[in-house]
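Residue numbers begin at 1 in each chain, while the letters A, B, ... track the order of the sequences. Note: hydrogens, waters and symmetry copies are ignored here, and every other heavy atom, side chains too, is used.
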Protein chains: 2
Amino acid sequence: MAQNTAIKVNETSRSAVGRDGVLDIAARLFREQRYGSVSLRKIAEAAGIKAGSIYYHFGSKDEIVAAVLDAGIRVVHESMRDAVTDLRADADGETVLRAAIRAHLRALIDVSDYTSANVRIFGQVPQSVRDANLPTRRAYEAEWDSLLSQLKKDGTLKQDVDIRRLRLMLIGTLNATLDWFDPDRGSADALSRTYADVFLNGILQRQDT
Amino acid sequence: MAQNTAIKVNETSRSAVGRDGVLDIAARLFREQRYGSVSLRKIAEAAGIKAGSIYYHFGSKDEIVAAVLDAGIRVVHESMRDAVTDLRADADGETVLRAAIRAHLRALIDVSDYTSANVRIFGQVPQSVRDANLPTRRAYEAEWDSLLSQLKKDGTLKQDVDIRRLRLMLIGTLNATLDWFDPDRGSADALSRTYADVFLNGILQRQDT
DNA sequence: ACGCCTAACTAACGCCTGTTAGGTTAATAA
DNA sequence: TTATTAACCTAACAGGCGTTAGTTAGGCGT
């Protein structure tokens, strides 16, 4: 399935990575190396072009970062919403929550350089870039709050849970995975099951024999 | 309790912040502003000295960062160990675990710029500095693994929990707090209680009426 | 009073950064 | 065939970075 049409696409011919190509590479580099050490020259080199050329597609480095951050949230948001809506209408609360957790972790680990880049570099980018990303984040957080509120109302969750805190705790835990996850030691799906087990039932041995 | 001896310590006299003073200020800046935007000139300015003077106390920027990282882990390690050993010998497993969780969160939020700086910048520093910090980290992780293993053996925890995963999940969750915690919206102790509640018993409404 | 030691200062270095202006090429449309 | 345009290149800029070398000020022990 390699080079089907035109065996030699390159060879002094213009490669034309284009705006999307630059963005893909930037997302990959940000995920791999964090923010500080990813310069425009590194992005350009990885894209096979020169640093100045990036300014044909983007007005500034901040603009690139902002685009990566926004795409990152959009991907995980859609992934999570789709996972929930794809369930049969009669799915019980526990199943829904497990699906949402799995979808978030999948987007983070298996699917998207954009989402993992977002989680990795968000805390390192200039304040203005963070602010620009906030509305997109808020929308995703609202999706979680809405889901958790519904699960609380229908009796799936305990009545004394604080929705906001629970959401911050959940997403915080899931995102923290990036700091240590090694695909050689287990799959994202298996890990998401562990996460769900702990969050849903806790780790304490029950006394009810 | 302010300026008891010598009302005017400064006033063109040498301020003498010293090595520890520089380190304290570096830790505070790293906690507040992350790694990339904290230059030696900023540290120096905050300390009331000039950038070059830092090289009297430290051989390189990496040396400063390494010192901050190490102190950060040592503080939280001691905090957690003391909290556990300070309990009465007959304290039950749940109490012990709750104390350990509270101690970690306290060190992170209330006590130490060094610990919070560690968590915030660890992922952003050069690889060599990260590597130098690893042994100290490993020792703290071993302390947790030891505690959790004991709680599993004595029947406090479920028998199917994976110690390593649980430890990664716990510390990951606690550390993620730094990304959103606002002292105006609640205390570290109250939050640690919520964390313990969720981890120990889960969020699912129980059916056992 | 002297000399030493500690803790600072000044001034500069080479390097890397984001960014800009203007020129060049290849493909497409008329 | 010619004109247009999208996508790139080249070369340079100012500014910030970590780091170094040499110098200076103040306090302590003798």
Side-chain angles (χ1 to χ4, degrees), chain A residues 5-6 8-27 29-30 33-69 121 124-130 132, chain B residues 5-6 8-27 29-30 33-69 121 124-130 132:
Chain A
T5 53
K8 287 195 174 181
V9 180
N10 43 2
E11 183 105 312
T12 329
S13 91
R14 295 314 178 107
S15 47
V17 275
R19 188 188 149 102
D20 289 351
V22 171
L23 221 49
D24 282 353
I25 283 158
L29 292 181
F30 282 137
Q33 315 182 18
R34 317 298 165 102
Y35 180 72
S37 58
V38 176
S39 64
L40 289 181
R41 283 172 177 82
K42 280 191 185 170
I43 297 175
E45 194 192 17
I49 64 177
K50 293 297 153 67
S53 308
I54 292 186
Y55 283 80
Y56 175 78
H57 301 292
F58 301 93
S60 68
K61 187 186 184 185
D62 283 0
E63 200 176 306
I64 299 178
V65 180
V68 170
L69 290 185
I121 71 174
Q124 311 172 34
V125 304
Q127 184 73 41
S128 60
V129 178
R130 261 200 298 266
Chain B
T5 53
K8 286 197 171 175
V9 182
N10 44 1
E11 183 104 312
T12 329
S13 92
R14 297 312 182 105
S15 47
V17 275
R19 188 188 148 102
D20 288 353
V22 171
L23 221 49
D24 282 352
I25 283 159
L29 292 182
F30 283 136
Q33 316 182 17
R34 317 299 165 101
Y35 180 74
S37 59
V38 176
S39 63
L40 289 182
R41 285 171 177 81
K42 279 191 186 172
I43 296 175
E45 193 191 20
I49 64 177
K50 294 299 155 62
S53 309
I54 291 185
Y55 283 81
Y56 176 77
H57 301 290
F58 301 93
S60 67
K61 187 186 185 185
D62 283 0
E63 200 177 310
I64 299 179
V65 180
V68 169
L69 290 185
I121 71 175
Q124 312 172 33
V125 304
Q127 183 74 40
S128 60
V129 178
R130 260 200 299 266

request  = Could you check which of D:dT19, C:dG18, D:dG18 has an atom nearest any side-chain atom of B:Ser39?
outcome  = D:dG18

query = From D:dT19, D:dA6, D:dC9, pick the nucleotide closest to the side chain of A:Ile49?
reply = D:dC9

In whole angstrom, give the distance that lies between atom [atom1] of [X] and atom [atom2] of [N].
X	N	atom1	atom2	value
B:Glu63	D:dT19	CD	C1'	13 Å
A:Ile43	C:dC16	CD1	P	17 Å
A:Asp62	C:dT17	CG	C1'	13 Å
A:Ile54	D:dC8	CD1	P	10 Å
A:Leu40	C:dT20	CG	C1'	13 Å
A:His57	C:dT19	NE2	C1'	16 Å
A:Lys61	C:dT20	NZ	C1'	17 Å
B:Phe58	D:dT20	CZ	C1'	18 Å

query = In Å and rounded to the nearest 0.5 Å, what is the CZ to CD1 distance from B:Arg19 to B:Ile64?
reply = 9.0 Å

ask   = Mapping A:Gly52 and A:Ser37 onto DNA chain C by nearest heavy atom, which one lands closer to the 5' end?
value = A:Ser37

D:dA7 OP1/OP2 closer than 4.0 Å to side-chain N/O of A:Tyr56 = yes

request  = Kindly say if B:Tyr55 contacts the phosphate of D:dT20, meaning a side-chain N or O under 4.0 Å from OP1 or OP2.
outcome  = no

query = Does the base of C:dG18 carry an N or O that pairs as donor and acceptor with the side chain of A:Arg41 under 3.5 Å?
reply = yes

A:Ser37 backbone acceptor or donor facing A:Lys42 side chain under 3.5 Å = yes

Over all atoms of both residues, closest heavy-atom pair of [X] and [Y]:
X	Y	answer
B:Ile25	B:Ala47	CD1-CA, 3.4 Å
A:Tyr35	A:Val125	CD1-CG1, 3.8 Å
A:Ile43	A:Ala26	CD1-CB, 4.0 Å

ask   = Base, sugar-phosphate alone, or nothing: which one does B:Ser53 contact when heavy atoms must sit under 4.0 Å apart?
value = base

ask   = Using a cut-off of 4.0 Å on non-hydrogen atoms, how would the nucleic acid contact of A:Lys50 be classed: base, sugar-phosphate, or nothing?
value = base

